[in-house]
Amino acid sequence: MHALPVAKEIIARQTLFVSTYDLICIGAGPTGLACAIEAKRAGMRTLVLDKGCLCNSLYHYPVNMVFFTTPELLEIGDLPLTCAADKPTRTDALKYYRKCVEHYALDLRLGHRVERVEGSDGQFVVHTRSELGIVAQFAANKIAVATGYYDLPNRLGVPGEDLPHVSHYYTEPHPFWRQNVIIVGGKNSAAEAALDLYRSGANVTMVHRRAELGSTIKYWVRPDIENRIKAGQIQAFFDTEVKRIEPGRVIVSNHVGEKAIHANQVFALIGYHPDFEFLRSMGISLDPQTNKPSMNPQTHESNVPGIYVAGVVIGGNHTSEIFIENGRFHGKQIVAALTGGSIPNGVV
């Protein structure tokens, strides 16, 4: 049954999908999945596209990460999330969202990067390219954009940032045992990575351009990282900026002057941002100061008729405003607008 489409892809490197979906969700994270689930429950033909794997951002979180929330606040589609501890882990969440997709038999195309969106309300065409280079076109009446932000790290903008020993993502500590590791940043991700590395035998130095650690650090993490710094177990430079990164060392600068710090590995954990250029490419207007997309706060429809935005992308530069806990409800608002239903109570 599937042999002919596959043969077309291999031979022609291009497949044209002529059937039209009621809604295409761009992004297979929790918010995108929630949108697709609500649409399918409303009887709509729905497709989910993502350039990476299922819940690609969660997959790239630190391996041993624990969510700063309770299980019920990560739930979508009225399906319970059960886990052994009070707070779910990355592994718990990934397993849960796989089960959600299986339960609702969602139609997904993973590893399909959306290159552009053409057309207008009721007759959109979404152009994609797979990881194998195969191009495809999908037709849709409506589009929901829930692309998140974790795959686009904020950059330091200094020489050497793209060297092999520099990463904007932290995974696990084991490879850095007895290594000199520099953490650039002073918010929660930086603090947690520094503690994890220290407890796994790494020599950790934090470099932060602010005078003190970020105010959003988790309440149980703050005293831990502050005490490790006070005890000299983790070295920290505040009011200090990275000037350049070289093989084996990082050059930093503060009121004292420039200093070279030995580094086998550098983690630049200074945050992430949505793909603003992708939003603009579809005609979505962004606020010049905040990069928040123009949208109806009740329906989540953007200034482009038929294109809706959901999840962290609506926060623009302020990515800390939207989490899974509130972004998961955006699908209910979008589908209510599409079907003429009422917006659920308490959903903003």
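Keep in mind that this is a model prediction, so the values were computed, not measured.
- Salt bridge R222/E226: present, at least one basic N to carboxylate O contact under 4.0 Å.
- Pairs of residues two or more places apart, or lying in two chains, that qualify as salt bridge (charged side-chain N to carboxylate O under 4.0 Å, His left out) and include a residue from residues 265-292 are E277-R280, K292-E321.
- Atom CD of E115 is surrounded by more than 12 heavy atoms from other residues, nucleotides or ligands within 6.0 Å.
- L152 forms part of no hydrophobic cluster, judged by ILVMFWY side-chain heavy-atom separations under 4.5 Å.
- Applying the salt bridge (charged side-chain N to carboxylate O under 4.0 Å, His left out) rule to pairs touching residues 189-202 yields E192-K218, R199-D224, sequence neighbours excluded.
- Atom CD of E258 sits in a crowded spot, with more than 12 heavy atoms from other residues, nucleotides or ligands closer than 6.0 Å.
- Remark: N296 engages no residue in a side chain to side chain donor-acceptor pair (under 3.5 Å) (not counting sequence neighbours).
- Enclosure of atom NE2 in H127 by more than 12 non-hydrogen atoms of other residues, nucleotides or ligands within 6.0 angstrom is indicated.
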Per-pair distances, 0.1 Å, donor-acceptor, side chain in residues 236-245, under 3.5 Å, sequence neighbours excluded:
residue: T240; atom: OG1; partner: F238; partner atom: O; Å: 2.8
residue: T240; atom: OG1; partner: N254; partner atom: ND2; Å: 3.2
residue: R244; atom: NE; partner: E246; partner atom: OE2; Å: 2.9

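- Sequence neighbours left out, not one pair with a member in residues 19-34 passes salt bridge (charged side-chain N to carboxylate O under 4.0 Å, His left out).
- Contacts of R90 classified as side chain to side chain donor-acceptor pair (under 3.5 Å), with partners at least two apart in sequence or in another chain: none.
- Here H208 pairs with nothing under the side chain to side chain donor-acceptor pair (under 3.5 Å) rule; sequence neighbours left out.
- No continuous path of hydrophobic side-chain contacts links V335 to V313 [ILVMFWY only; heavy atoms under 4.5 Å].
- Checking H273 against N154 by side-chain atom types alone, a donor-acceptor pair falls below 3.5 Å.
- Identified under the side-chain hydrogen bond (donor to acceptor under 3.5 Å, both in side chains) test for residues 56-70, with sequence neighbours left out: T69-E325, T70-E72.
- The stretch residues 249-272 participates, sequence neighbours left out, in these ring pair (Phe, Tyr, Trp, His ring centres under 6.0 Å) pairs: Y150-Y272, Y169-Y272, Y170-F267, F176-F267.
- When the side chains of ILVMFWY residues are joined at heavy-atom separations under 4.5 Å, either directly or via intervening members, M295 and V117 end up in a single hydrophobic cluster.
- When the side chain to side chain donor-acceptor pair (under 3.5 Å) test is applied to E131, no partner is found at least two apart in sequence or on another chain.
- Applying the side-chain hydrogen bond (donor to acceptor under 3.5 Å, both in side chains) test to pairs two or more places apart or on separate chains, none has a residue in residues 304-314.
- L197 and I270 end up in different hydrophobic clusters when Ile, Leu, Val, Met, Phe, Trp and Tyr side chains are linked at under 4.5 Å.
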